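In this text the structure is predicted, and so the values were computed from the model without any measurement.
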Amino acid sequence: MQNAKLGSYLHYHLIVFIWGFTAVLGALIQIDALPLVWYRMGLASIFIYLYIKVKKIDSTLSKKDAVVFTIAGIIIALHWVTFFEAIKVSNVSITLAMMSTGAFFTALLEPIFYKRKLIWYELLFGAIVVAALYLIFEVQPEYRLGIGLALLSAFLSAVFTLINGKIIHNHNPTKISFYELLIGALFITVYFAFAKADTFFSKSFYILSETDWIYLFILASVCTAYAFIAAVKVMRYLSPYTVMLTINLEPVYGILLAFFVFGDKEKMSVEFYYGAGIILAVVLANGVLKNSDYFLKKKS
């Protein structure tokens, strides 16, 4: 059992590292954010569908669940579009630093979704995060559009997480992922068909460079389909506290990878790293307090 926990812990670090690499792939892929997300969701849904067939996972869906999955699928599509667009107009470091605020959007939205009281330290941490964001805004004014898009992406990620938190107990996670990815891809398809019909129905839309196809394949298979399914499996052996601490390393891994791949393009001011460090530290502190409250309640 101990070996299983250690193996799962190391495996989860690999998964988080892969998620960090997602942002780098988004910067390397030359196509715009919207078609990038369309390809990612479409290809990933195909890969997961094949997995469902091989594993013979039940994929039936009621009308009520279909409505919830549709909402979640549209939200995750918009989350990824704003995420990759933020990378395109700024860079990986800015985007991942802003994505760290997702935990606080979640904390602020939880009382609405789960009808609980707002905890005092959530307000305090929220104020600190706002101050850190102000610092980053002031020292990196040329990236304000990217910062705004990344913050919107973090907010949508929080909403998506809370919706999934309600449906995960009643459905297989692989089935949830499949339908959300498929619906997200269909949502973007409808948009293209009506708003960008000339582009979408032209041959040039589907003619990508060889490197873009390779990066998209890695993004859809390894960074999306594999990482999601593997994460669900290893979480069975890890505590919520361990999961929280590990997943918060995603922006760290991503920023380091981006600096290694893109060099000076990702180099930011010292004040930016101060602000990003404050946000990450507050996210970790929030997780520690959340899990302390959780374990104290369990003991009592």
Side-chain angles (χ1 to χ4, degrees), residues 16 19-20 22-23 75-76 78-87 89-114 116-165 240-256 258-259 266 268-294:
V16 173
W19 284 335
T22 297
I75 290 173
I76 193 61
L78 294 173
H79 155 64
W80 277 339
V81 169
T82 50
F83 173 76
F84 286 115
E85 186 63 23
I87 292 171
V89 301
S90 58
N91 61 24
V92 173
S93 297
I94 285 287
T95 303
L96 289 178
M98 296 304 100
M99 288 303 297
S100 300
T101 62
F104 289 98
F105 284 125
T106 303
L108 293 173
L109 290 170
E110 268 186 2
I112 299 172
F113 274 75
Y114 296 103
R116 67 161 176 83
K117 292 182 179 179
L118 194 65
I119 303 171
W120 68 269
Y121 60 74
E122 292 175 345
L123 292 173
L124 174 62
F125 287 162
I128 295 172
V129 168
V130 170
L133 288 173
Y134 178 77
L135 174 64
I136 293 173
F137 261 103
E138 288 300 302
V139 299
Q140 305 290 167
E142 69 273 27
Y143 292 130
R144 286 182 178 177
L145 177 58
I147 291 171
L149 286 167
L151 287 173
L152 176 58
S153 181
F155 173 79
L156 291 169
S157 175
V159 174
F160 172 75
T161 300
L162 290 167
I163 292 174
N164 266 6
Y241 180 67
T242 301
V243 170
M244 179 278 304
L245 283 179
T246 308
I247 203 167
N248 281 313
L249 289 172
E250 180 187 345
V252 178
Y253 288 149
I255 289 172
L256 290 174
F259 188 75
E266 289 293 326
M268 311 297 290
S269 66
V270 175
E271 291 82 2
F272 165 80
Y273 293 108
Y274 286 154
I278 290 169
I279 292 171
L280 184 59
V282 173
V283 168
L284 291 172
N286 180 64
V288 170
L289 288 172
K290 278 281 195 304
N291 282 278
S292 296
D293 291 345
Y294 172 80

For this session: Give the minimum heavy-atom separation between Ile147 and Met98, together with the two atoms involved.
Result: CG2-SD, 3.6 Å
For this session: Search all heavy atoms of Ser153 against all heavy atoms of Phe83 and return the closest pair with its distance.
Result: OG-CB, 3.3 Å
For this session: Mind listing the closest non-hydrogen atom pair of His79 and Leu156 along with its distance?
Result: N-CD1, 3.7 Å
Exercise. Nearest 0.5 Å, what's the CZ-CZ distance between Phe155 and Phe160?
Worked result: 14.5 Å
Problem set entry | Interatomic distance, Ile87 atom CD1 to Leu149 atom CG [nearest 0.5 angstrom] | 11.0 Å
Exercise. Just how far is it from atom CD of Glu250 to atom CD1 of Ile255, taken to the nearest 0.5 Å?
Worked result: 10.5 Å
Seminar exercise, completed: What one should report as the nearest heavy-atom pair of Ala150 and Ala86 is N-CB, 3.7 Å
Exercise. Roughly how far, to the nearest 0.5 Å, is CG of Asn91 from CG of Leu96?
Worked result: 9.0 Å
Problem set entry | Set of residues satisfying side-chain hydrogen bond (donor to acceptor under 3.5 Å, both in side chains) with respect to Ser93, sequence neighbours excluded | Glu266
Problem set entry | Thr82 vs Leu151 side-chain heavy atoms within contact, under 4.5 Å | no
Seminar exercise, completed: In short, Ala132 meets Ile278 closest at the heavy-atom pair CB-CG2, 3.9 Å
For this session: Under the side-chain contact (heavy atoms from CB on, under 4.5 Å) rule, what do Thr22 and Phe84 come out as? Steps first, then yes or no, please.
Result: CA-CA 10 Å; Thr22 297; Phe84 286 115; 3.9 Å; yes
For this session: Report the distance from atom CD1 of Ile94 to atom CG of Leu145, rounding to the nearest 0.5 Å.
Result: 11.5 Å
Exercise. If you round to the nearest 0.5 Å, how far is CD1 of Ile163 from CD1 of Ile75?
Worked result: 3.5 Å
Exercise. If every non-hydrogen atom of Ala158 is compared with every non-hydrogen atom of Leu109, which pair is closest and at what distance?
Worked result: CB-CD1, 4.2 Å
